[in-house]
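Following: one structure in structure tokens, then a few remarks.
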There are 2 protein chains.
Amino acid sequence: MEIPRTLKVLWGLEERRNRGPQPALTLDRIVATAIEIADHDGLAALSMARLAERLGSAPMSLYRHVASKDELLVFMQDAAPGEPPTLPPGWRVGLGTWARGLQAVFHRHPWILHASAGRPPLEPGQLAWLDRGLSAFDGTPLTSHERLQAVMATLYYVRGEAQIMAVLLTGEADVTEDAYGALIGSLVTADRFPALAAAIADGVFAPEAEDVTFETGLSRLFDGIELLMSARN
Amino acid sequence: MEIPRTLKVLWGLEERRNRGPQPALTLDRIVATAIEIADHDGLAALSMARLAERLGSAPMSLYRHVASKDELLVFMQDAAPGEPPTLPPGWRVGLGTWARGLQAVFHRHPWILHASAGRPPLEPGQLAWLDRGLSAFDGTPLTSHERLQAVMATLYYVRGEAQIMAVLLTGEADVTEDAYGALIGSLVTADRFPALAAAIADGVFAPEAEDVTFETGLSRLFDGIELLMSARN
DNA sequence: CGCTCTATGCGTATCACATACGCAGTTAGG
DNA sequence: CCTAACTGCGTATGTGATACGCATAGAGCG
């Protein structure tokens, strides 16, 4: 079982010698700048050339610190979420805080959703969040397995929501929000999409009160978890 | 309010003249072949050149039928899911069938998760699925708004799960499943990740019975929806 | 029945990008 | 002070998307 280089670096397992010149570039600085670019201009705008330019170095210099662009993306994914929030007591508020913190991360760094995880999490940053999420259930009667499944379900929900909402908020939309209502109304006919047409007729796509979706769905999920828990008491 | 060309094509609103030579290439054939490539070799392997080669034409010929590669991706996203499944009666089984159908789509076409939606759905394929999902609640006491939120929550959950699981199943993993348990056990220490360490000690990452996650979490969510519904009766 | 106009296939060229390879300069430790 | 371990980076190569414009095919009009 060989630990991949990328993980070794992330966990600080790489022995650093100290022979050569003073590094003008650090991995931290590279990753931080790459995150800035991705946050500001999107993942597509992040090229090794642009990154090097922003860092004041030549493109190839980056490869002394990063094996490939893919590895850089892994580093970025691990660093961008930062420390998970401190959770208030009570599993429901606690996990709610965790979920909203995660949502905020995805809103701040939407590109994380495009850079795929690649495997079950083994990066320290990811594990810190997972650990914090699990800690919300300290003192509850759920088994470890149930706790993990509850946290993962929450993660799925938050991630899915963020992904659907991401591009909507990025402003890439080729149709404005106002035009959307009109367009969908004209395209959706009752004979072809009966249930949807009925919903539209009830005004579900009117521009008011739409952004409660996240909280509402989360409450459903938490209600379900609570039901499981109360079956244990 | 101008309807983007892409949507016009998808909804068949484009008037087709019929003057020139018989097209050797059709949009349908292009999209179907592109989906094949993406399914088989991943989205990264889908280049206009490779696609053209598979179609027996020159790369630039594709641009007569598709405005750009991005537009092609939208067409692919719309076509790949196919028809939504017919739902059995009863909202819970119905929505469950819908969710599992959607999960199957994501497993069959994992690249859909990477190609971003771009906006709230306006493609006929997406709307067909949304409509079918909503139809699961026919005859229930939920309001249109609540139905939409329930379906969207389910969508978020399924999509999030698929995205986390996708690359795991693609086999890109740089760490085998067996090695994973050992690795995570050695990296996660109780002082740094107490809750996670406890869970691991309880064997949550042992290789047995892990894939029930999808159904379990979905049951939690459905329980929450059911609670809302029974409050209405 | 030939003319014309629209649509199609595609060759060429350009530009952006990731990255292999190897040289040259730098400095800590012997 | 000298040498090995490192760093920065110039050059070159291959891939990919796509603008532009030419040549051609065939439907409908005269």
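Here is how names work: the chains are called A, B, and so on, in the same order as the sequence lines, proteins then strands, and each is numbered from 1.
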Worksheet item: Taking A:Trp98 for the side chain and A:Leu134 for the main chain, is one N or O donor matched with an acceptor at less than 3.5 Å?
Response: no
Worksheet item: Does B:Arg132 use its side chain to pair, donor to acceptor, with the backbone of B:Pro84 at less than 3.5 Å?
Response: yes
Worksheet entry | 5' priority, DNA chain D, between B:Asp70 and A:Pro23 [closest heavy atom] | A:Pro23
Discussion item. With heavy atoms of chain B within less than 4.0 Å as the criterion, where does contact along DNA chain C begin and end?
Written reply: C:dC5 to C:dT12
Practice prompt. Could you pull out all residues at least two apart from B:Tyr63 that satisfy side chain to side chain contact (heavy atoms under 4.5 Å, CB included)?
Written response: B:Met48, B:Met60
Discussion item. Just N and O in the side chain of A:His65: are any of them under 4.0 Å from OP1 or OP2 of D:dG8?
Written reply: yes
Item to complete: Keeping the roles fixed (side chain from B:Glu71, backbone from B:Ala67), state whether a donor-acceptor pair exists under 3.5 Å.
Response: yes
Worksheet item: Do B:Trp129 side-chain atoms and B:Gly82 backbone N/O form a donor-acceptor pair below 3.5 Å?
Response: yes
So which protein nitrogen or oxygen atoms get under 3.5 Å of nucleotides 22-25 of chain D's nitrogens or oxygens?
none

Worksheet item: Between residues 24-32 of chain A and DNA chain D, which residues have a heavy-atom gap below 4.0 Å?
Response: A:Ala24, A:Leu25
Discussion item. Please check: side-chain N/O of B:Ser61 versus main-chain N/O of B:Ser57, any donor-acceptor pairing under 3.5 Å?
Written reply: no
Practice prompt. Please identify each residue that fulfils side-chain hydrogen bond (donor to acceptor under 3.5 Å, both in side chains) with A:Glu53, with sequence neighbours left out.
Written response: none
Discussion item. Under a 3.5 Å distance rule, please check whether B:Arg54 uses its side chain to pair with a backbone N or O of B:Ile37 as donor and acceptor.
Written reply: no
Worksheet item: In residues 43-63 of chain A, which residues come under 4.0 Å of DNA chain D by heavy atom?
Response: A:Ser57, A:Ala58, A:Met60, A:Ser61
Worksheet item: When rounded to the nearest 0.5 angstrom, what is the spacing between CG in B:Asp78 and CG in B:Leu7?
Response: 9.0 Å
Item to complete: Report the C-alpha separation of A:Tyr156 and B:Tyr157 in whole Å, then their side-chain angles, then the decisive distance to 0.1 Å, and conclude whether the ring pair (Phe, Tyr, Trp, His ring centres under 6.0 Å) test is met.
Response: CA-CA 5 Å; A:Tyr156 297 158; B:Tyr157 175 81; 5.6 Å; yes
Worksheet item: Please walk me through it: do B:Ser68 and B:Asp70 pass side-chain hydrogen bond (donor to acceptor under 3.5 Å, both in side chains)?
Response: CA-CA 5 Å; B:Ser68 67; B:Asp70 280 343; 5.1 Å; no
Item to complete: Hey, could you give me the CD1/CE distance between A:Ile35 and A:Met76, rounded to the nearest 0.5 Å?
Response: 5.5 Å
Fill in: Qualifying residue, where the test is ring pair (Phe, Tyr, Trp, His ring centres under 6.0 Å) with A:Trp111 and the options are A:His107, A:His109, A:His114
A:His109
